Amino acid sequence: MSDGQSVNQDGGTAMLEGRVLFLAGAGPQMGAATAMIAAREGASVALTARTTSTAETTAKAIVDAGGKAIALQCDLTSEEEVRAALATTEAELGAVDAVFYNAAYYDNRQDSIDVDEEVWDKSMAVNLEGAMRVARLVIPSMVERGGGSFVFSSSAASIVAGETRFGYQVSKAGLNAVTRFVAGKYGRKGIRANATLPFVLEGKIGDAAASLNCLGRSPTSEEIGEAVVFLLSDRAAVITGQIIHLDGGLFARAPWPTPSSRR
């Protein structure tokens with residue numbers, strides 16, 4: 001990274017040159033990878049997390065490489081803390097142009113319609129209501145300045161049948177609806193919104209998924225990050241309101257009981 005106009009690794013103009021990215025949920029995989037790629041592409045990045053160790057490490061790496069980044073402690077279920085994080089972002093980096101909502105809570109043991117209300121409420125608070133809160137607080141300034149972009153990290157669990165993570169499934173389905181609403185309501189004011197359905201897994205589950213998808217391997221966090229940054233950029237100017245699988249074609253290639261190919 002250098003002073004003035006940034007260039008990407010291919011020598012072209014950086015995709016997020018001069019933009020401010022608010023990254024909600026700066027975890028060690030997709031969050032950190034996306035932050036690094038966004039910074040490489042010219043963005044100033046505010047990394048928020050409930051526990052900031054990863055956010056701080058990533059922010060330092062960006063700054064050491066010549067970019068701009070800050071790490072902020074933020075509980076996305078708290079209106080006060082989200083407002084404070086956005087205010088600090090604007091004061092230190094500028095008004096928010098792009099949002100990547102990457103926070104998630106997994107109710108792994110919620111396998112019944114007879115829900116645990118505390119677990120259910122936490123699923124909704126983190127996966128759905130936090131995203132709505134960030135969007136509600138950021139959209140007015142985006143409209144005032146002529147536009148912006150959102151990527152919400154959803155899940156294939158939002159669109160396929162499952163027997164566990166009931167609250168996670170429902171909250172992510174709601175997040176898809178938020179994505180479409182923002183795109184439909186504010187598109188003519190210059191705001192785009194898309195949701196991604198990523199699939200980054202290692203170990204036995206990752207191997208099983210790789211055996212079923214089109215590529216024969218699971219995507220990496222960096223590959224997910226590249227796609228997210230593209231969607232946040234003006235290069236994706238006509239892509240909005242979409243729910244996009246980032247899974248190597250896993251759900252495009254249904255495991256139908258068909259006979260094996262003849263040689």
Side-chain angles (χ1 to χ4, degrees), residues 19-32 34-35 38-39 43-60 62-63 68-107 115-145 147-155 167-168 170-179 181-182 185-186 189 191 193 195 228 232:
R19 307 292 176 87
V20 175
L21 170 62
F22 187 81
L23 199 160
Q29 293 185 313
M30 290 183 292
T34 302
S44 299
V45 185
L47 298 101
T48 73
R50 193 168 185 174
T51 303
T52 59
S53 57
T54 296
E56 289 170 352
T57 298
T58 306
K60 183 179 185 303
I62 290 171
V63 172
K68 294 181 179 179
I70 56 174
L72 302 170
Q73 194 283 327
C74 181
D75 179 350
L76 294 162
T77 69
S78 165
E79 176 98 4
E80 181 180 358
E81 290 194 23
V82 173
R83 284 185 180 276
L86 288 168
T88 300
T89 299
E90 183 165 0
E92 297 193 21
L93 301 178
V96 173
D97 302 292
V99 171
F100 178 39
Y101 192 88
N102 186 52
Y105 173 72
Y106 302 94
D107 56 337
V115 298
D116 178 316
E117 291 189 7
E118 182 178 352
V119 173
W120 176 271
D121 289 346
K122 188 169 183 179
S123 296
M124 297 303 141
V126 175
N127 300 337
L128 176 58
E129 293 165 11
M132 292 170 58
R133 179 175 295 107
V134 172
R136 174 169 55 81
L137 294 175
V138 169
I139 283 174
S141 65
M142 284 185 173
V143 170
E144 184 177 334
R145 291 179 297 105
S149 57
F150 291 84
V151 171
F152 298 103
S153 187
S154 184
S155 170
Y168 182 78
V170 173
S171 59
K172 291 295 189 176
L175 187 57
N176 295 349
V178 171
T179 300
F181 182 85
V182 171
K185 180 69 176 180
Y186 300 101
K189 296 184 182 297
I191 295 174
V228 169
L232 289 170

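Please read all numbers here as calculations on a predicted model, not as lab measurements. Numbering starts at 1 and runs along the sequence shown.
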Point to revise | Residue pair G167 / M124: nearest heavy atoms and the distance that separates them | key: O-CE, 3.5 Å
**Study point:** Closest contact, heavy atoms only, I62 versus A69
**Key:** CG2-CB, 3.7 Å
Exercise for review: Could you pull out the closest heavy-atom pair between Y105 and Y168, with the gap in Å?
Suggested key: O-CD1, 3.3 Å
Exercise for review: Check whether any side-chain heavy atom of V138 lies under 4.5 Å from a side-chain heavy atom of F22, and answer yes or no.
Suggested key: no
**Study point:** Closest approach of S154 to N176 (non-hydrogen atoms, all atoms of both residues)
**Key:** OG-OD1, 2.7 Å
**Study point:** Gap separating the CZ atom of R50 from the SG atom of C74, nearest 0.5 angstrom
**Key:** 10.5 Å
Exercise for review: Identify, with sequence neighbours excluded, every residue that meets side chain to side chain contact (heavy atoms under 4.5 Å, CB included) alongside K185.
Suggested key: F181
Check your understanding: Does T34 reach the main-chain N or O of G31 with its side chain, forming a donor-acceptor pair under 3.5 Å?
Key -> no
Point to revise | Inter-residue atom distance L128.CG - K172.NZ, 0.5 Å rounding | key: 9.5 Å
Check your understanding: Checking N127 side chain against S171 main chain: does a donor-acceptor pair fall under 3.5 Å?
Key -> no
Check your understanding: So, do L76 and V126 sit near enough that their side-chain heavy atoms are less than 4.5 Å apart?
Key -> no
Review point. Side chain to side chain contact (heavy atoms under 4.5 Å, CB included) between L137 and E79: does it pass, once the steps are laid out?
Key: CA-CA 9 Å; L137 294 175; E79 176 98 4; 3.8 Å; yes
Practice item. Determine the sole option in I139, V178, L232, T179 for which the side-chain contact (heavy atoms from CB on, under 4.5 Å) test with F150 is passed. Key: I139
Exercise for review: Report the C-alpha distance between L72 and T52 in whole Å, list the side-chain angles of each, state the deciding distance to 0.1 Å, and finish with yes or no for side chain to side chain contact (heavy atoms under 4.5 Å, CB included).
Suggested key: CA-CA 7 Å; L72 302 170; T52 59; over 6 Å; no
**Study point:** Worked verdict on R83 versus L86 for side chain to side chain contact (heavy atoms under 4.5 Å, CB included)
**Key:** CA-CA 5 Å; R83 284 185 180 276; L86 288 168; 5.9 Å; no
Check your understanding: Any idea which heavy atoms bring G94 and V20 closest together, and the distance?
Key -> O-CG1, 3.8 Å
Check your understanding: Thinking salt bridges, do E81 and R133 make one under a 4.0 Å N-O criterion?
Key -> no
Exercise for review: Measure the CZ-CZ distance between F100 and F152 for me, rounded to the nearest 0.5 Å.
Suggested key: 11.0 Å
Practice item. Decide side chain to side chain contact (heavy atoms under 4.5 Å, CB included) for V143 and I191; before the verdict, give the C-alpha distance in whole Å, the side-chain angles of both, and the deciding distance to 0.1 Å. Key: CA-CA 7 Å; V143 170; I191 295 174; 3.7 Å; yes
Practice item. Taking T48 for its side chain and L23 for its backbone only, find out whether a donor-acceptor pair lies under 3.5 Å. Key: yes
Revision key, fill the gap. In short, side-chain hydrogen bond (donor to acceptor under 3.5 Å, both in side chains) pairs touching residues 85-103 with sequence neighbours left out are D97-R145
Study note, to complete from the structure: A35 and T58 have their tightest heavy-atom pair at CB-CG2, 3.9 Å
